[in-house]
Amino acid sequence: MAQLSDDCFAFGGELLGVDAALALIAARTAPIVEIEAVPLAEAAGRILAADRIAPFDLPPHANSAVDGYAVIHADLRSDAETLLPITGRAAAGHPLGRGVARGEAIRIFTGAAMPEGADTVMMQEDCVVEDGRVRLKPGIKEGANRRHAGEDVARGGLAVPAGRRLKPADLGLLAALGHTSLPVFRPLRAALLSTGDEVCEPGTGLQPGMIFDANRVMLAALLRGLGCSVSDLGIHPDRASGLADTLAEAAAGHDLIVTSGGVSTGEEDHVRAAIEKLGRLDFWRLAIKPGRPVALGQIRSSQGGGVPLIGLPGNPVAAALTFAILARPLILRLGGATMTPPLGFPVEAGFTYRKKPGRREYLRASLARDGNAAIAHRYKKDGAGILSSIVQSDGFAVLGEGLSDIAPGMIVDFVPFSEVFG
Ligand code: AMP
Ligand code: MG
């Protein structure tokens, strides 16, 4: 397994912009997992480890897009119907087996290979058949209803690039190109834990002053959604000593450690001390809201490198957002996937909001249609602990660093949750 260099997360500045943070991740980290082969049918969601180049044209042969009659366009009259003898038959999987000469019409079906020489197919709905001959209307374009060999992917063309998280259509395309197994990156093994003396497991009685753990189940689902295998290390009390043992053990069998809570600078925040004992901790103070500092660190391993650790804030909305903005691209990168930025699109703000310039804000918002415009309506409460703000919304209205106060009708970016929580 590859490991991170000791200081890969080092950042000396005060506030780190989101784009700069992503650039640092791209520059300082690399895939850390090995490559393995999986059967094509089991490859959905896995990350392709090598470009797949088309070994032949797809489709492999020119073929008909409709049921009808294959002809040579030059045989057709442009001003009147043409009557041609039906001299052969080509069905899908049953080619004609010979070329076509001038003056012939071949009965053909969708997917059948175009007989050599024929260039146009007249749909059967536009034909009249009589006494073994077909009457063809004038006006059809040369090449109509013919699919070219290689029009999907030409031989030698890039079918699916390395780094792609394989989706169902990718698998379909690779099957069409004859693949039965694919080189993919081994899943990242992530260890996950929550911290906090007040945090307890749902299913137990809720004692005064306690809350149930919302983060662990949410983060486990997010990690699995990115293709990680997840070891659940439970909830850890606010004590540095035991935590250090847990983290050291986790580092031995995992590629990545994810924690939530305990990373601010309060006296009950012990993650920092534990990590500093075992390796190195870097705080990234991001210029985003919501979001307190995110801790990035490494637990030193016996080989001298480091097992990366992501310490997310405890507030569930801040944990989800910093996961989406920072942990997600880092995990994609470590796991060998291309870090494609989430696709946002412009919408109209349907709200008023006071914003400080200089940082990027992510408001939870729902989309509504108004004629041809999409309007983002902001969720009524935006505290970092209000998980309903995500549950009840469609995505983030992203207010860029340069924006200050927002008024209804202004254009803002909208990033659907499916782009970052999928
Ligand atoms: P911390 O980051 O540990 O200072 O926690 C910040 C806030 O998030 C506090 O109100 C915690 O009670 C809350 N919190 C921390 N961990 C969790 C968790 N796993 N589930 C729900 N809330 C949490
Ligand atoms: Mg805490």
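Atoms within a ligand are numbered from 1 in the order they appear, just like the ligands themselves. Just so you know, residue 1 is the first one in the sequence shown, and it goes up from there.
- Considering G311, G262, A319, S260 only, the shortest heavy-atom separation from atom 3 (O) of ligand 1 involves G262.
- Judged as a side chain to side chain donor-acceptor pair (under 3.5 Å), the pairs with a partner in residues 116-129 (not counting sequence neighbours) are, in order, R107-Q124.
- Residue N315 touches ligand 1 through backbone and side chain together, judged by heavy-atom distances below 4.0 Å.
- Here the side chain of N145 pairs a donor or acceptor atom with the backbone of V121 at under 3.5 angstrom.
- Among residues two or more places apart in sequence or in another chain, the ring-ring contact (aromatic ring centres under 6.0 Å, His included) test is passed with F323 by none.
- Distances from ligand 1 to the non-hydrogen atoms of G196 include no value under 4.0 Å.
- For ligand 1, the polar-atom distance check against P313 finds no nitrogen or oxygen pair separated by under 3.5 Å.
- No N or O atom of V263 sits closer than 3.5 Å to an N or O atom of ligand 1.
- One finds a salt bridge joining R186 and E34 here, because a Lys/Arg side-chain nitrogen approaches an Asp/Glu carboxylate oxygen to under 4.0 Å.
- Inclusion of D213 in the set of residues having an N or O under 3.5 Å from an N or O of ligand 1 is warranted.
- Of all the atoms in ligand 1, the ones that sit under 4.0 Å from a non-hydrogen atom of I211 are 12 (O), 21 (C), 22 (N), 23 (C).
- Of the polar atoms of G314, at least one N or O is found under 3.5 Å from an N or O of ligand 1, judged by distance alone.
- The backbone N or O of M410 sits nowhere less than 3.5 Å from a side-chain atom of E348 that would complete a donor-acceptor pair.
- Atoms of ligand 1 found under 4.0 Å from any heavy atom of V199, numbered from 1 in the order shown, are 16 (N), 17 (C), 19 (N).
- Residue contact check for ligand 1: E198 places a non-hydrogen atom closer than 4.0 Å to it.
- Of the possible polar contacts, none joining the S393 side chain to the G395 backbone as a donor-acceptor pair under 3.5 Å is found.
- Salt-bridge check for E401 with K355: failed, with every basic side-chain N at 4.0 Å or more from each acidic carboxylate O.
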